[in-house]
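Working notes for the structure below.
Residue numbers start from 1 in every chain, and the chains themselves are labelled A, B, ... in the order their sequence lines are given, proteins ahead of strands. Side chains are part of it too, since the values below use all heavy atoms of this structure and drop only hydrogens, waters and symmetry mates. Please read all numbers here as calculations on a predicted model, not as lab measurements.
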2 protein chains.
Amino acid sequence: MPDTYVSNPSFFKLDATLKKIRNYWQKTFDAHCKEITVDQWLLLENLHKHKKITHNELARLTSKDITTISRIIELMVKKGLVLREAAQNDRRKVFLQLTPLGNEKYKDVRPLVLEMRKTGWKDLTEKDYVELTRILDVIYHNIP
Amino acid sequence: MPDTYVSNPSFFKLDATLKKIRNYWQKTFDAHCKEITVDQWLLLENLHKHKKITHNELARLTSKDITTISRIIELMVKKGLVLREAAQNDRRKVFLQLTPLGNEKYKDVRPLVLEMRKTGWKDLTEKDYVELTRILDVIYHNIP
DNA sequence: TAGCAATAGTTGTATTAGCAACTATAAGTA
DNA sequence: TACTTATAGTTGCTAATACAACTATTGCTA
């Protein structure tokens with residue numbers, strides 16, 4: 001591998017792109033008074049999809065630390081979006097699920113998210129999507 | 001664009017990959033007792049390259065908020081890596097530059113970074129690098 | 001059964017992130 | 001010159017991140 005790749009800041013480009021996306025999403029949420037953060041949205045999306053899961057499972061699904069999950073969920077419980085429910089057969093576990101308000105919020109915010117994804121992918125093809133996915137997967141699995 | 005791309009979590013994959021890289025870098029720094037964070041390294045790298053720049057310029061170069069720069073630099077000054085120097089002709093400006101210790105730190109950490117970049121790019125080609133760069137650039141510029 | 005390891009989750013602490021509000025200085029304009 | 005606007009940077013606040021240390025519970029094993 002030529003030194004140019006090695007010295008070229010791909011990490012930086014990933015970081016800058018992600019920050020741009022994150023900022024755009026947050027500003028759009030704010031502009032539409034959705035009162036939700038980008039990461040809270042990610043948890044909302046996963047809770048909507050998986051219905052009833054634990055902190056640990058949510059952490060694995062979102063690539064977030066379980067302590068981070070614990071704190072974001074705390075905020076979402078305070079907002080009335082999420083319900084914590086102790087598991088019957090294992091008193092260490094806590095099941096998480098969306099409240100009716102949480103489900104409403106999901107339906108309310110989702111169209112915005114679809115629009116924003118479209119905006120980001122404008123002028124890119126299916127092949128580009130496959131390529132990006134492939135390359136990121138290789139990088140991900142290269143790292144111990 | 002088919003709905004699969006729109007609904008597919010490319011944001012999530014970017015986030016997960018970046019987190020994986022960031023974690024790996026930090027753990028490697030820690031394992032070698034470099035006493036530096038990933039973002040402090042990014043500033044160190046830019047200060048080494050540009051010698052003498054302001055907070056604002058550093059913010060633009062790193063895609064970071066100027067408040068974030070201000071606080072990271074604060075920590076680096078405390079560590080003796082960076083020197084703040086008031087500009088002569090404009091008393092609002094502060095020039096930043098590496099101390100001799102900062103330059104040492106750069107030379108000390110850089111080999112680790114090169115190694116880690118190689119690890120991440122293992123099994124990927126020059127074409128992959130160009131593709132990734134191109135796609136991320138398009139996404140970046142798609143976003144208002 | 002007693003003891004130890006593993007698992008689920010929380011709390012403490014430090015770092016990064018970004019917005020709003022602030023001070024200080026410089027530049028442009030009536 | 002006086003007033004307004006723009007620029008450079010800091011501070012307050014809230015959120016997300018990650019490691020370490022902790023509690024509580026479960027499972028394994030001698």
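Rounded to a whole Å, the CD1 atom of A:Ile73 is 11 Å from the P atom of D:dA16. The interatomic distance linking B:Leu58 (CG) with D:dA8 (C1') rounds to 14 Å, in whole Å. If you measure from atom NZ of B:Lys20 to atom C1' of D:dA18, you get 16 Å, rounded to the nearest angstrom. Look at CD1 on A:Ile21: it is 17 Å from C1' on C:dG18, rounded to the nearest Å. Distance CG (A:Leu18) to P (D:dA16): 14 Å, rounded to an integer number of Å.
B:His55 and B:Arg60 share no donor-acceptor pair across their side chains, judged by distance under 3.5 Å alone.
A salt bridge links B:Glu45 with B:Arg117: the closest approach of a Lys/Arg side-chain nitrogen to an acidic carboxylate oxygen falls below 4.0 angstrom. B:Asp30 and B:Lys34 are not joined by a salt bridge, as no carboxylate oxygen comes within less than 4.0 angstrom of a charged side-chain nitrogen. Salt-bridge formation is not detected for the pair B:Glu131/A:Arg134: no Lys NZ or Arg NE/NH1/NH2 atom is positioned less than 4.0 Å from an Asp or Glu carboxylate oxygen.
One hydrophobic cluster, built from ILVMFWY side chains closer than 4.5 Å, holds both B:Val82 and B:Ile53.
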Per-nucleotide protein contact string for nucleotides 8-17 of chain C (B base, S sugar-phosphate only, - none; heavy atom under 4.0 Å): SBBBBB-SSB
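When side chains are defined from C-beta on, B:Phe11 counts as touching A:Val38, because their heavy atoms get closer than 4.5 Å. Residues A:Thr125 and A:Tyr129 form no side-chain contact, since every pair of their non-hydrogen atoms from C-beta on lies 4.5 Å or further apart.
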Pair A:Asp65, A:Thr67 - check side-chain hydrogen bond (donor to acceptor under 3.5 Å, both in side chains), show working. CA-CA 5 Å; A:Asp65 197 274; A:Thr67 60; 2.6 Å; yes
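Contacts between residues 25-34 of chain A and DNA chain D, defined by a heavy-atom separation under 4.0 Å, are absent.
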